[in-house]
Amino acid sequence: MLLKQPAIAGTLESSDVQVTITPQDGGVKVEVDSTVKAQYGRHIEECVRETLGNLNIDNALVKVVDQGALECTIKARVECAAFRSAQVEDNYPWGGAIK
Amino acid sequence: MKNAVNREIPDELLVNGREVFQGSNYRDGIRYQKAAPKVRMRTSQLDSKVLPSIVDAIKAVEFKDGMTVSFHHHFRNGDYIVNMVMEEIVKMGFKDITIAASSLGTSHDPIAEYIEQGIVTGIQTSGIRGKMGEVVSFGKLKTPAILRSHGGRVRAIEQGEVHIDVAFIGAPTSDCYGNASGKGGKSDCGVLAYADVDAKYADNVVVITDTLVDFPNFPASIEAVDVDYVVVVDEIGDASKIASAAARFSRDPRDLLMAEYCAKVIEATPYFKQGFSFQTGAGGPSLAANRYLEPILRKHNITMSWICGGISAPAVDLLNKGLCECIVDTQDFDTVGVASVHTNPKHFEISTSQYASPSNKSAFVNKLDYVILAALEIDVDFNVNVITGSDGVLRGAPGGHPDTAAGAKCCIIVTPLLRGRMATVCDSVVTVTTPGECVDILVTDYGIAVNPKRPDLLEALQKTKLPLTTIEELRDIAYSIVGAPDPLPFKDRVVAILEARDGTILDVVREIEPLK
């Protein structure tokens with residue numbers, strides 16, 4: 001998937017995560033800010049990278065502001081931000097791009 | 001050396017008679033010599049003990065470097081006393097100060113700076129939160145903080161492990177001799193239970209009030225015979241933060257479900273009979289349990305003999321409806337509690353020693369039937385953590401948790417299985433504040449687990465339709481949803497000691513890096 005513009009998905013509500021994706025060369029860079037970073041920071045970064053990998057995104061800057069979201073939420077927000085960034089506007093894979 | 005809750009306690013802490021925790025009743029029945037204050041006698045006539053300012057009081061008690069000062073926390077987050085007194089002590093250039101408070105909160109953030117400056121070098125408290133919790137966790141305090149339960153603090157003072165040089169006691173009302181009360185004035189907090197031991201065991205006692213009343217201010221919680229000086233200031237606290245408006249019952253369906261489980265657990269267990277005694281913590285589901293208890297009490301035509309502890313509207317409601325014979329009160333959380341202890345002759349003030357100390361000849365908690373308490377975390381050994389957050393930083397208080405859990409015949413912990421991404425039921429709590437041997441039943445929104453040490457309670461609950469499970473199953477459900485957490489990156493240095501009620505070491509908290 002080709003990212004075209006900066007895009008954002010999610011909120012700063014409790015148990016949600018706000019994901020900002022910016023097209024960027026030189027691989028995937030993930031910045032995590034989380035209320036549960038000490039115990040789940042590694043899990044969050046892995047989840048973001050795995051989701052991007054499944055969408056075939058190899059270059060991006062991803063900023064994650066997490067308020068204790070579950071992995072299903074993180075995955076959904078990353079996918080949504082990616083589709084918005086790639087300007088995909090129809091035929092969304094509802095239920096998640098990767099089953 | 002490993003202790004009875006399987007925590008490694010560094011040998012260098014085990015000096016001067018300090019031992020590791022060896023079970024809740026390890027020191028039951030020992031005899032000890034009580035500590036005593038060094039008192040200045042007065043034979044001469046005296047019209048008044050009022051001094052013009054806090055500075056004058058600090059001078060009058062001949063304050064020195066290295067002294068230990070004490071405070072109570074009846075003003076909760078509305079307290080002005082700690083900051084006011086410490087500011088003057090620091091301005092006067094004193095150093096190496098230990099603060100021995102019954103608890104400290106987020107209103108005491110300025111103390112964090114005195115810790116970083118190396119002026120405050122010791123903290124002994126129940127609660128530690130906000131900036132102070134952070135600087136202590138990040139290793140800025142010169143000596144490890146000592147964290148105790150409310151009863152444990154009284155014990156440490158009675159047994160002379162904490163010697164208070166000067167107690168500064170904020171009082172809503174006082175007369176010119178220091179007869180002080182929690183009732184009346186601008187900063188009404190209802191009772192002064194926590195300060196009782198300070199007044200009786202500190203070498204110097206200074207009462208600070210914003211409402212000077214006629215002599216004698218009777219009945220007095222703090223008696224003039226124990227008070228050296230009285231200082232009158234403009235304001236001792238922010239009344240709106242001292243006693244909040246009565247909290248509405250939680251409407252969160254998850255809280256209500258757990259509250260209903262708690263009430264049904266009580267109904268089904270053998271101590272539920274005419275005249276049982278009861279305490280709840282101040283958390284949402286704990287308080288909501290009161291509401292579900294009422295119909296059950298009526299159904300069985302049972303009344304309680306007494307409710308103890310921190311008091312708020314639900315307990316007062318049960319008293320006023322005649323479902324409880326009396327309240328014995330150590331702290332008031334809301335205006336309803338404050339008003340009731342003023343007016344209801346069946347609502348009594350007791351000292352923290354009477355409430356929870358393990359070093360007197362038996363406290364109220366030793367006669368408790370049920371207590372319902374919350375937890376930040378509980379592990380598969382039923383050990384509870386209420387002090388360290390999921391980032392390893394100090395942000396809580398043992399309070400009366402370990403005391404009531406140890407004393408009550410049936411201790412019920414109520415907590416949602418998950419808080420955001422945090423699993424509350426886990427393999428091993430970050431810090432043990434209440435040992436698992438004191439915890440009998442865990443109520444969560446995903447089911448109820450009974451401590452295997454209590455087959456009698458399990459048998460009683462098996463006769464109900466309550467959703468019974470095991471604590472291991474609850475942990476597995478939690479981890480299946482949020483994932484197993486990574487261990488926290490603690491360093492070696494001990495920044496806080498969690499003392500068990502009896503003075504043995506239950507756990508230690510180690511230094512942690514601030515998260516980047």
Side-chain angles (χ1 to χ4, degrees), chain A residues 8-20 22 24 27-54 60-81 95-99, chain B residues 133-134 137-139 250 252-255 284 376-379 385 387-396 415-431 445-446 475 477-491 495 509-516:
Chain A
I8 190 164
T11 71
L12 298 175
E13 296 293 319
S14 183
S15 294
D16 199 353
V17 58
Q18 190 167 72
V19 177
T20 311
T22 312
Q24 181 185 275
V28 168
K29 193 174 176 231
V30 181
E31 292 174 7
V32 176
D33 180 9
S34 170
T35 53
V36 293
K37 190 169 177 179
Q39 291 182 313
Y40 290 101
R42 181 182 60 80
H43 301 68
I44 294 167
E45 181 165 348
E46 281 173 8
C47 177
V48 170
R49 286 184 180 278
E50 190 189 326
T51 308
L52 292 176
N54 289 335
L61 170 64
V62 184
K63 285 187 183 168
V64 175
V65 183
D66 169 61
Q67 307 289 340
L70 299 180
E71 289 215 344
C72 52
T73 310
I74 299 170
K75 209 168 130 184
R77 294 303 192 195
V78 170
E79 286 184 5
C80 180
I98 297 92
K99 305 287 179 184
Chain B
E134 289 177 4
S137 289
F138 302 155
S250 172
D252 180 341
R254 187 169 73 164
D255 283 357
L376 288 173
E377 290 182 303
I378 179 167
D379 66 25
N385 170 24
I387 191 86
T388 37
S390 61
D391 52 2
V393 175
L394 295 161
R395 59 174 78 254
T415 175
L417 188 67
L418 305 171
R419 287 194 185 94
R421 198 175 177 165
M422 301 313 309
T424 50
V425 183
C426 61
D427 276 322
S428 177
V429 290
V430 176
T431 310
D445 43 345
Y446 283 75
R475 172 207 53 197
I477 295 169
Y479 285 177
S480 75
I481 298 169
V482 300
D486 284 340
L488 293 168
F490 285 111
K491 299 176 175 183
V495 296
V509 181
R510 293 174 193 272
E511 186 182 341
I512 197 152
E513 282 274 358
L515 269 179
K516 283 173 197 95

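Within every chain, numbering begins at 1; the chains are lettered A, B, ... in the order of the sequence lines, protein sequences first and strands thereafter.
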Practice prompt. Return the minimal non-hydrogen interatomic distance between B:Ser390 and A:Thr35, and the atom names on each side.
Written response: OG-O, 4.3 Å

Worksheet item: If you look at every heavy atom in B:Gly483 and A:Tyr40, which pair is closest and at what distance?
Response: O-OH, 2.7 Å

Fill in: Flag, side chain of A:His43 to backbone of B:Asp486, donor-acceptor distance under 3.5 Å
no

Discussion item. Out of B:Pro485, B:Pro487, B:Gly392, return the one with the most heavy atom pairs under 4.5 angstrom to chain A.
Written reply: B:Pro485

Worksheet item: For the residue pair B:Gly420 and A:Ser15, what are the closest heavy atoms and their distance?
Response: CA-OG, 3.6 Å

Item to complete: Measure B:Ile481 against the heavy atoms of chain A and call it side chain, backbone, both or neither at under 4.5 Å.
Response: both

Worksheet, complete the sentence: Value for CZ (B:Arg421) from OG1 (A:Thr73), rounded to nearest 0.5 Å, stands at 9.5 Å

